[in-house]
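In what follows, a single structure is set out as structure tokens and then discussed.
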Amino acid sequence: MKFAEGRIIKRVDPNPILKNTPKPENGYNAIQQQYVTDSANFKTMTCYGWGLTNAKFKAGIEDEVNTLLVGDYTVEEFMKNLDKVIDVAK
């Protein structure tokens with residue numbers, strides 16, 4: 001908890017999970033303040049590790065998302081290819 005509080009105080013890193021959130025030394029910028037305001041209304045929040053440990057899945061999802069974002073195929077094609085990525089990663 002102290003680590004999370006320190007990130008807020010020193011790094012101005014909003015954390016809506018904490019019940020008693022300390023104020024950052026240098027204040028929030030406009031985007032951070034909007035996040036703090038919006039997150040007060042969240043009903044649930046998911047916490048999980050952001051690192052993907054399956055290298056095949058990680059490489060596949062990165063490739064597929066990149067192709068989708070540059071407009072090389074439709075969302076339907078993306079989902080079909082993503083199913084293949086999942087099968088390869090199993």
Side-chain angles (χ1 to χ4, degrees):
M1 296 304 279
K2 290 296 182 191
F3 175 75
E5 290 173 358
R7 286 185 60 91
I8 295 168
I9 295 167
K10 297 293 185 185
R11 300 195 62 188
V12 194
D13 184 12
N15 187 337
I17 295 174
L18 297 175
K19 289 182 181 180
N20 299 313
T21 306
K23 300 290 181 206
E25 290 177 348
N26 297 322
Y28 293 119
N29 66 33
I31 293 171
Q32 291 167 321
Q33 185 57 56
Q34 185 64 51
Y35 177 73
V36 169
T37 301
D38 291 346
S39 65
N41 298 316
F42 291 174
K43 301 283 185 231
T44 62
M45 185 171 288
T46 302
C47 294
Y48 59 92
W50 287 95
L52 297 174
T53 58
N54 184 319
K56 289 180 183 177
F57 178 75
K58 182 180 185 302
I61 189 88
E62 288 172 348
D63 291 345
E64 295 304 320
V65 167
N66 184 54
T67 304
L68 176 67
L69 291 176
V70 296
D72 285 350
Y73 56 49
T74 66
V75 172
E76 291 77 18
E77 291 171 308
F78 168 76
M79 294 306 298
K80 183 179 174 184
N81 288 348
L82 193 55
D83 286 339
K84 293 176 188 175
V85 167
I86 291 169
D87 287 340
V88 168
K90 288 182 181 177

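Position 1 is the first residue of the sequence; numbering continues from there.
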### Message
In this structure, would Ile9 and Tyr35 fall into the same cluster of hydrophobic residues linked by side-chain contacts under 4.5 Å?
### Response
no

### Task
Compare every heavy atom of Lys56 with every heavy atom of Val88, then report the nearest pair and how far apart it is.
O-CD, 3.9 Å

#### Entry: Minimum heavy-atom distance between Asp13 and Arg7, given as atom pair plus value
OD2-NH2, 2.6 Å

### Summary
Of all heavy-atom pairs linking Tyr28 and Pro22, the shortest is OH-O, 4.3 Å

### Query
Stepwise, does the side-chain contact (heavy atoms from CB on, under 4.5 Å) test hold for Phe78 with Thr67?
CA-CA 8 Å; Phe78 168 76; Thr67 304; over 6 Å; no

### Task
With rounding to the nearest 0.5 Å, note down the distance linking CG in Asn54 to CD1 in Ile61.
11.0 Å

### Task
Please test Val65 against Leu69 for side-chain contact (heavy atoms from CB on, under 4.5 Å), starting from the C-alpha separation and ending with a verdict.
CA-CA 6 Å; Val65 167; Leu69 291 176; 3.6 Å; yes

### Message
Within the 3.5 Å criterion, strictly below it, is a donor on Gln33 or Asn29 matched to an acceptor on the partner's side chain?
### Response
no

### Same apolar cluster: Val75 and Val85, side chain cutoff 4.5 Å
yes

### Query
Roughly how far apart are Asn15 CG and Ile8 CD1, rounded to 0.5 Å?
5.0 Å

### Task
Could you tell me the separation between the CG atom of Asn81 and the CD atom of Glu64, rounded to the nearest 0.5 Å?
4.5 Å

### Query
Between Lys80 and Glu76, does at least one N-O distance fall below 4.0 Å, as a salt bridge requires?
no

### Query
Say you draw a straight line from CD of Gln34 to OG of Ser39; how long is it, rounded to the nearest 0.5 Å?
10.0 Å

### Summary
dist Asn26:CG -> Arg11:CZ (nearest 0.5 Å) comes out at 13.0 Å

### Shortest non-hydrogen contact from Val12 toward Gly27
CG1-O, 3.1 Å

### Summary
So CG of Asp63 and CG of Leu68: to nearest 0.5 Å the spacing works out to 12.5 Å

